[in-house]
Amino acid sequence: MHKTIIIGTGPAGLTAAIYLARANMMPLVIEGWQPGGQLTTTTEVENFPGFPDGILGSELMSNMRKQAQRFGAVFKTGSVKSVDFSKRPYTLEVEGIGQLQAESVIVSTGASAKYLGIPGERENVGRGVSTCATCDGFFFRGKRLIVVGGGDSAMEEAGFLTRFASEVRLVHRREELRASKIMQDRARANEKMSWSLNCTPLEIVAGDNGLQGLRVRHNETGEEELLEADGVFVAIGHTPNTGFLGGAVDTDGQGYILVKPGTSATNIPGVFACGDVQDNTYRQAITAAGSGCMAALDCERYLEEQEHALEHV
Ligand code: NAP
């Protein structure tokens with residue numbers, strides 16, 4: 001039986017691992033099939049304090065992992081399929097590992113990219129449709145690309161893709177962008193970018209020779225148009241990875257774990273949540289890391305209280 005199992009290895013899970021390992025709690029960290037989380041799919045991280053010249057996302061995560069290992073955190077690869085939080089110790093069914101039991105659990109499974117849900121999308125993932133510019137941008141040298149979305153992610157992805165593509169068209173369903181001013185300004189100043197605003201994506205069209213483009217409806221006129229492109233990058237936000245919990249922990253309408261204000265505590269004693277899986281607002285590496293620290297401290301306190309209670313039985 002483990003004192004603590006941490007599920008997920010983004011900045012939240014790894015920070016929790018560093019703190020708990022340093023407190024001699026020997027956490028077991030379950031690393032999924034995308035270790036390091038979303039930061040491993042970005043390039044340069046420019047806003048993580050302490051790196052004045054920026055740092056590669058993958059390097060930052062690899063450093064955090066080493067730091068946790070140095071203090072005794074143990075890593076195992078697997079995918080948690082279900083949990084039983086109805087009785088203690090808590091049980092996790094983990095594909096690739098088997099059944100595990102723990103006195104406490106920290107959930108830091110992050111969030112995954114959303115899809116548009118339009119025809120032609122899912123079946124062309126990996127064949128011209130992508131949700132990760134840093135993973136797939138390289139394959140589109142000299143090609144015409146479309147990025148869908150109006151938030152910071154879309155601006156960032158589009159800007160990154162102009163390094164490879166001959167042109168990048170940003171398609172957004174409204175006239176106003178949701179992105180922060182600095183990201184909008186940067187994108188608008190980029191000469192390789194063009195804009196299709198107030199356009200609803202309808203279908204990704206592909207033929208025998210690959211992608212043809214994105215069919216959209218111009219919302220003002222109702223007219224439909226095929227915007228030609230060799231690749232479509234979908235950058236419309238994320239969904240929290242909480243499906244495996246099967247409702248064992250309280251979540252909001254979108255599936256984000258609910259934590260008690262100012263803490264990382266869920267409605268289940270001894271189960272804590274940190275990072276993007278419980279944060280629909282800030283979603284930054286630094287806030288995820290901060291919440292990972294909170295989860296570790298909350299967890300440590302919980303385990304101490306449990307021991308104390310046993311001593312006084
Ligand atoms: P977001 O802010 O939620 O933006 C999602 C965008 O996708 C919105 O413009 C939305 O349109 C559009 N969208 C959503 N569903 C759609 C659908 N079904 N069809 C068409 N369009 C759809 O998500 P995000 O851009 O991923 O950013 C998330 C958070 O991370 C934000 O807090 C952001 O500031 C942060 N972030 C920061 C950086 C950075 O600072 N370097 C980089 C990336 C992300 P509407 O506007 O019409 O709702």
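Both ligands and their constituent atoms are indexed starting at 1 by order of listing. Since this is a predicted model, take the numbers as computed values, not measurements.
When Asp298, Leu20, Val271 are each tested for a side chain to side chain contact (heavy atoms under 4.5 Å, CB included) with Ile106, only one passes: Leu20.
For atom 9 (O) of ligand 1, the closest heavy atom belonging to the protein is Gly150 N, 3.1 Å. Residue, atom and distance of the protein heavy atom nearest to atom 33 (C) of ligand 1 are Asp152 OD2, 3.4 Å.
Through chains of ILVMFWY side-chain contacts below 4.5 Å, Ile236 is grouped with Tyr115, Leu116, Ile118, Val125, Val129, Ile146, Val148, Val171, Ile204, Leu211, Leu214, Val216, Leu227, Val232, Val234.
Residue contact check: His172 has heavy atoms under 4.0 Å from atoms 9 (O), 11 (O), 45 (P), 46 (O), 47 (O) of ligand 1. Atoms of ligand 1 found under 4.0 Å from any heavy atom of Arg283, numbered from 1 in the order shown, are 3 (O), 28 (C), 29 (C). Interface of Thr281 with ligand 1, defined as ligand atoms under 4.0 Å from a residue heavy atom, comprises 32 (O). Close approach of ligand 1 to Leu116 is summarised as follows: ligand atoms under 4.0 Å from at least one heavy atom of the residue are 17 (C), 19 (N), 20 (C). Residue-ligand proximity, Gly237 to ligand 1, at heavy-atom distances under 4.0 Å covers atoms 23 (O), 26 (O). Against a heavy-atom cut-off of under 4.0 Å, Arg174 is close to the following atoms of ligand 1: 45 (P), 46 (O), 47 (O).
The shortest side-chain heavy-atom distance between Ile182 and Arg186 falls under the 4.5 Å cut-off. Using a 4.5 Å heavy-atom threshold, the side chains of Glu307 and Glu304 count as separate. Residues Tyr90 and Leu100 are not in side-chain contact: their nearest non-hydrogen atoms beyond the backbone lie 4.5 Å or more apart.
Considering only non-hydrogen atoms, atom 4 (O) of ligand 1 lies nearest to Arg178 out of Arg178, Met183, Glu156. One option in Gly117, Ala285, Ser153, Ala235 has a heavy atom closer to atom 27 (O) of ligand 1 than any other, and that option is Ser153.
Across Ala265 and Phe272, no two heavy atoms sit closer than the pair CA-CD2, 3.8 Å.
Using a 4.0 Å heavy-atom cutoff, Glu46 is absent from the residues neighbouring ligand 1. Residue contact check for ligand 1: Thr200 places no non-hydrogen atom closer than 4.0 Å to it.
The aromatic ring centres of Phe164 and Phe140 sit 6.0 Å or more apart.
Listed by first and then second residue, the salt bridge (Lys or Arg N to Asp or Glu O under 4.0 Å) pairs involving residues 51-73 are Glu31-Arg65 (not counting sequence neighbours).
In Lys114, neither the side chain nor the backbone holds a heavy atom less than 4.0 Å from any atom of ligand 1. If you look at Glu176 next to ligand 1, there are no close heavy atoms at all, none under 4.0 Å.
Aromatic ring orientation, Phe48 versus Phe51: tilted (interplanar angle from 30° to 60°).
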